[in-house]
K.L.:
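Take this structure first; my questions come after.
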Amino acid sequence: MTASKQDNLIDWLRDAHAMEEQAEKMLSAQAARLEHYPQLRQRIEQHIRETQEQRQVIEGCLSRHGSSPSTLKDMGGKLMALGQAIGGAPMSDEVIKGAIAGYVFENIEIATYTTLIAAAAEIGDSETQQACERILEQEKAMAAWLLEDLPATTRAFLERSADPDLTAKR
């Protein structure tokens, strides 16, 4: 079975929507648990708002193509985020594992939006292309911030974990 270029774009937009659903759940769980890393929490909360807007932009792209998000894919993304949250909670270095996972996830989003931009350009959908280019810049900015902040978060974690009177994990 062959799919048209537009069919592939729609499928990938649905994937991106599910990915943003997963990101929002994952980031919200992480932000809610961060107690001792206010700078990280603040940046994550900012990115949650960006993620919510990104999801709406993707919904608009799908709507222009006469389509809508995939309930099944969205549920899968939410379940994956729940599994990540539950799996990370008992770790003694939860904040570090979460920061690393966040950086990795941002790079998956970067790759996804890079693909969407190329697909939209290929079929001449400049509106979707431009929307994805704007989202891509936000994802790149978040990934760069996480990478830049990782040493400071690591140092703060190590300082807190070395003090028996402090909690370091989140």
K.L.:
Between L27 and I44, what is the shortest heavy-atom contact and its length?
P.N.:
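The answer is O-CG2, 3.5 Å.
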
K.L.:
Hydrogens and angles aside, do Q52 and Q56 bring a side-chain donor and acceptor to less than 3.5 Å of each other?
P.N.:
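No donor-acceptor contact under 3.5 Å links the two side chains.
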
K.L.:
Taking the side chain as everything from C-beta on, heavy atoms only, tell me whether E109 gets closer than 4.5 Å to M142.
P.N.:
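E109 does not reach M142 side chain to side chain.
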
K.L.:
So, the side chain of D163 versus the backbone of E159: is there a donor-acceptor pair under 3.5 Å, distance only?
P.N.:
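No, the answer is negative, given that no donor and acceptor are paired below the 3.5 Å cut-off.
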
K.L.:
Which distance, rounded to the nearest 0.5 Å, do you find between the CD of E133 and the CD of E137?
P.N.:
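One finds 8.5 Å between CD of E133 and CD of E137.
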
K.L.:
Taking the side chain as every heavy atom from C-beta outward, state whether I10 and Q6 have any atom pair closer than 4.5 Å.
P.N.:
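Yes, their side chains come closer than 4.5 Å.
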
K.L.:
Less than 4.5 Å apart, side chain to side chain, heavy atoms only: is that true for L116 and T128?
P.N.:
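Side-chain contact under 4.5 Å: no.
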
K.L.:
I want to check something: taking the side chain as every heavy atom from C-beta on, are E94 and K97 in contact at a cut-off of under 4.5 Å?
P.N.:
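No, their side chains stay 4.5 Å or more apart.
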
K.L.:
Rounded to the nearest 0.5 Å, what separates atom CD in Q30 from atom NZ in K25?
P.N.:
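If I round to the nearest 0.5 Å, the distance is 15.0 Å.
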
K.L.:
Write down the atom of C132, the atom of I117, and the distance for their closest heavy-atom approach.
P.N.:
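Looking at all heavy atoms of both residues, the shortest contact is CB-CG1, 3.6 Å.
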
K.L.:
Passes side-chain contact (heavy atoms from CB on, under 4.5 Å), S67 versus R14? Steps please.
P.N.:
CA-CA 9 Å; S67 189; R14 287 177 166 173; 2.9 Å; yes

K.L.:
Starting at OG1 of T153, measure out to CD1 of I100 and round the result to the nearest 0.5 Å.
P.N.:
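Output value for this atom pair is 10.5 Å.
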
K.L.:
Checking side-chain contact (heavy atoms from CB on, under 4.5 Å) for the pair V95/R33: CA distance, chi angles, key distance, verdict?
P.N.:
CA-CA 9 Å; V95 67; R33 295 180 56 78; over 6 Å; no

K.L.:
For a 4.5 angstrom cut-off between non-hydrogen side-chain atoms, does T112 reach D15?
P.N.:
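Heavy-atom side-chain distance check fails, nothing below 4.5 Å.
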
K.L.:
What's the shortest heavy-atom distance between R64 and C61, and which atoms?
P.N.:
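Of all heavy-atom pairs spanning R64 and C61, the closest is NH2-SG, 3.1 Å.
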
K.L.:
Among E21, M19, E50, find the one that has a side chain to side chain contact (heavy atoms under 4.5 Å, CB included) with R55.
P.N.:
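Of the listed residues E21, M19, E50, the side chain to side chain contact (heavy atoms under 4.5 Å, CB included) partner of R55 is E21.
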
K.L.:
If you compare all heavy atoms of I110 against all heavy atoms of T114, which two are closest, and at what distance to 0.1 Å?
P.N.:
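Taking I110 first and T114 second, the nearest heavy atoms are O-OG1, 2.7 Å.
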
K.L.:
So how far is it from S4 OG to L9 CG, rounded to the nearest 0.5 Å?
P.N.:
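Rounded to the nearest 0.5 Å, the OG-CG separation comes to 9.0 Å.
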
K.L.:
Give a yes or no answer on whether the side chain of S161 reaches the backbone of L158 with a donor-acceptor pair at less than 3.5 Å.
P.N.:
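Yes.
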
K.L.:
On a heavy-atom basis, which atom in Y37 and which in F157 lie closest, and how many Å separate them?
P.N.:
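Of all heavy-atom pairs spanning Y37 and F157, the closest is OH-CA, 3.3 Å.
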
K.L.:
Quick one: does any side-chain atom of R41 pair with a main-chain N or O of E35 as donor and acceptor, under 3.5 Å?
P.N.:
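The answer is no, because no donor-acceptor pair under 3.5 Å joins these two groups.
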
K.L.:
Hey, mind stepping through L62 and S68 against side-chain contact (heavy atoms from CB on, under 4.5 Å) and telling me if it holds?
P.N.:
CA-CA 5 Å; L62 284 165; S68 60; 5.6 Å; no

K.L.:
Regarding E106 and H47, do their side chains bring together a donor and an acceptor under 3.5 Å, going by distance alone?
P.N.:
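Yes, because at least one side-chain N or O of E106 sits under 3.5 Å from a partner of the opposite role on H47.
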
K.L.:
So which atom in A31 and which in I48 form the shortest heavy-atom distance, rounded to 0.1 Å?
P.N.:
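Reported closest heavy-atom pair: CB-CD1, 4.2 Å.
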
K.L.:
Does E59 offer a backbone N or O that forms a donor-acceptor pair with the side chain of S63 under 3.5 Å?
P.N.:
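Judged by distance alone, no pair lies under 3.5 Å.
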
K.L.:
Would you mind telling me which of Q138, E24, R134 makes a side-chain hydrogen bond (donor to acceptor under 3.5 Å, both in side chains) with Q54?
P.N.:
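Output: one option passes, namely Q138.
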
K.L.:
Are any non-hydrogen side-chain atoms of Q22 and F105 less than 4.5 angstrom apart?
P.N.:
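Of all side-chain heavy-atom pairs linking F105 with Q22, at least one is under 4.5 Å.
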
K.L.:
Quick one: does any side-chain atom of N107 pair with a main-chain N or O of Y103 as donor and acceptor, under 3.5 Å?
P.N.:
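Present.
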
K.L.:
Taking the side chain as everything from C-beta on, heavy atoms only, tell me whether D7 gets closer than 4.5 Å to T2.
P.N.:
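When only atoms from C-beta onward are counted, T2 and D7 do not touch, as no gap falls below 4.5 Å.
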
K.L.:
Would you say that D149 contacts Q39 through its side chain, given a criterion of any heavy-atom pair below 4.5 Å between the two side chains?
P.N.:
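Heavy-atom side-chain distance check passes, below 4.5 Å.
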
K.L.:
Show your reasoning for whether side-chain contact (heavy atoms from CB on, under 4.5 Å) applies to Q46 and T51.
P.N.:
CA-CA 9 Å; Q46 175 188 338; T51 298; over 6 Å; no

